[in-house]
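Numbering starts at 1 and runs along the sequence shown.
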Amino acid sequence: MTKSLRDRLGQAAASASKADRAIATYMLSELGNLPFETAASLAAKVEVSEPTVGRFCRSIGYEGFKDLKNNLRNDMGDQPWLIGDRLRDLQERTKAGEDQLTRGLELEMAALVAVYETAHTPEWDRVVKRLAQARSVFVVGFQTERGIAQIFVNQLQYLRDGVHLVDLASGNFADVLAMDDTDTALVMFEARRYSRQARLLAQEAHAAGIPVTLITDPYCDWGHNVADERFVVPTSFNLFWDSTAQMASLANLLVNGVFMELGPEVEARMNKIARLYGKFTGHVGAAGSDKTAAKT
């Protein structure tokens, strides 16, 4: 084969039909777990039919899903399988279907590895530099991802000024879209079922020339054309509810990247914020803080 599986999936994710985009997007984000999938299990996760998975594999040059997995080993080497074998051994020590948390642990460990691998990509370096250098950075999260966006903003504000949590209450996103300053960036956290506002904001920001970084789950098939970078994070860990824990891990890594990019100059700002916090709020055990609390 002249093209790697990753290249073929990337092309399909950007230009194929809706069902094929969904399959390609999921496969790209779960390459390390594909050896342990079947066409049926993958179809169930992406919410398409099993024949659709087979047809998709043939459309990108493979005889079927089994042939695709065989070529995956050639494309990526043994690394994903070494991780998978270790986790599979853990699962085999429990009775089938009896220990759901063990399976969840397997998936979370593999997801964390995938997140750290993302931090070694050219797209990651580009985003880190932008978040360190842009005059204004806006961050937004919708539905259950709002908390992650808030934490990300709070942490980033310790490192630099000009960081803002997007105002969802205004209803028009004027704080982002009405700015004349083009030296800005937008970071979005979003997982299914996706808010209509999220897609619309991404479209408008992209059209206005604002760089958009979308941190999302493996099922998002609309981000390709509206985001400058997409960081896909696994969210299905055999739990009742999809988990965004690895989104938080990725956010922490971004903050660390910005810290490293800014260098020693960031210390002065962090010391200034610490002094302000100590003066207005204080910490447990700090001089005077416990006395004030006792009086109140």
Side-chain angles (χ1 to χ4, degrees), residues 115-116 118-119 124-190 197-198 201-202 205 208 210-215 228-229 231 233 244-296:
V115 167
Y116 272 77
T118 299
W124 182 274
D125 292 339
R126 184 169 67 237
V127 172
V128 165
K129 285 182 171 59
R130 185 186 305 138
L131 295 182
Q133 298 171 5
R135 190 154 35 236
S136 298
V137 174
F138 292 91
V139 184
V140 63
F142 299 86
Q143 304 173 106
T144 55
E145 293 71 53
R146 288 177 297 173
I148 298 176
Q150 178 72 70
I151 293 171
F152 183 65
V153 166
N154 291 345
Q155 292 180 325
L156 208 55
Q157 286 174 338
Y158 268 84
L159 306 184
R160 51 154 297 169
D161 58 10
V163 180
H164 313 278
L165 185 68
V166 174
D167 180 13
L168 296 180
S170 68
N172 57 21
F173 300 110
D175 49 340
V176 181
L177 301 175
M179 288 188 64
D180 293 328
D181 189 358
T182 58
D183 187 12
T184 187
L186 175 63
V187 179
M188 303 180 64
F189 295 88
E190 178 67 332
Q197 288 182 314
L201 174 59
I210 299 173
V212 177
T213 301
L214 176 62
I215 301 167
D228 294 79
E229 301 90 15
F231 296 137
V233 180
T244 53
Q246 302 307 333
M247 282 190 180
S249 295
L250 188 143
N252 287 336
L253 287 179
L254 275 178
V255 171
N256 183 72
V258 173
F259 175 84
M260 299 300 292
E261 181 71 21
L262 291 173
E265 66 185 70
V266 77
E267 184 177 3
R269 177 175 176 84
M270 295 182 70
N271 288 337
K272 181 184 295 184
I273 292 179
R275 287 195 300 270
L276 290 171
Y277 191 93
K279 180 176 182 178
F280 287 98
T281 305
H283 300 85
V284 173
S289 61
D290 292 337
K291 183 182 296 184
T292 301
K295 288 181 180 180
T296 58

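- Residues Asp161 and Gln157 have side chains that never bring a donor and an acceptor to within less than 3.5 angstrom of each other.
- If you take CE on Met179 and CZ on Phe173, they are separated by 15.5 Å, rounding to the nearest 0.5 Å.
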Apply side chain to side chain contact (heavy atoms under 4.5 Å, CB included) to Leu165 and Val140, showing your working. CA-CA 6 Å; Leu165 185 68; Val140 63; over 6 Å; no
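- Here the CG atom belonging to Asn252 is positioned 13.5 Å from the CE atom belonging to Met247, to the nearest 0.5 angstrom.
- A distance of 5.5 Å separates CD1 in Ile210 from CG in Leu177, rounded to the nearest 0.5 Å.
- With sequence neighbours left out, Asp181 forms a salt bridge (charged side-chain N to carboxylate O under 4.0 Å, His left out) with Arg135.
- In this view, Tyr277 and His283 satisfy the ring pair (Phe, Tyr, Trp, His ring centres under 6.0 Å) rule, not counting sequence neighbours.
- A heavy-atom distance below 4.5 Å is found between the side chains of Thr244 and Ile148.
- Within 6.0 Å of CZ on Arg146 lie no more than 12 heavy atoms contributed by other residues, nucleotides or ligands.
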Show your reasoning for whether side chain to side chain contact (heavy atoms under 4.5 Å, CB included) applies to Trp124 and Leu250. CA-CA 10 Å; Trp124 182 274; Leu250 188 143; 3.7 Å; yes
For Glu145 and Met188, what are the C-alpha separation, side-chain angles and deciding distance, and is it a side chain to side chain contact (heavy atoms under 4.5 Å, CB included)? CA-CA 9 Å; Glu145 293 71 53; Met188 303 180 64; over 6 Å; no
Phe152 vs Leu131, test: side chain to side chain contact (heavy atoms under 4.5 Å, CB included). Steps then yes/no. CA-CA 12 Å; Phe152 183 65; Leu131 295 182; 4.0 Å; yes
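- The neighbour count for Gln150 CD, taken as heavy atoms of other residues, nucleotides or ligands under 6.0 Å away, is above 12.
- Here CG of Leu159 is found 12.0 Å from CE of Met260. Values are rounded to the nearest 0.5 Å.
- Residues Thr213 and Leu254 fail the side-chain proximity criterion, which asks for heavy atoms closer than 4.5 Å.
- With ring centers used as reference points, Phe142 lies 6.0 Å or more from Phe189.
- In this structure, the side chain of Arg160 engages the main chain of Ala134 through a donor-acceptor pair within 3.5 Å.
- Looking at heavy atoms from C-beta onward, Thr184 lies out of side-chain contact with Val137 at the 4.5 angstrom threshold.
- Side-chain contact check for Phe259 versus Val255: every heavy-atom pair is 4.5 Å or farther apart.
- Separation of atoms CG (Asp175) and CZ (Phe138) is listed at 5.5 Å; rounding is to 0.5 Å.
- Judged purely by atom type and a 3.5 angstrom limit, Thr281 has no side-chain atom pairing as donor or acceptor with the backbone of Gly278.
- In terms of the salt bridge (charged side-chain N to carboxylate O under 4.0 Å, His left out) criterion, residue partners of Glu229 (sequence neighbours excluded) are, by chain and number, Arg126, Arg130.
- Separating the CG atom in Leu186 from the CG atom in Leu214 is a distance of 9.0 Å, to the nearest 0.5 Å.
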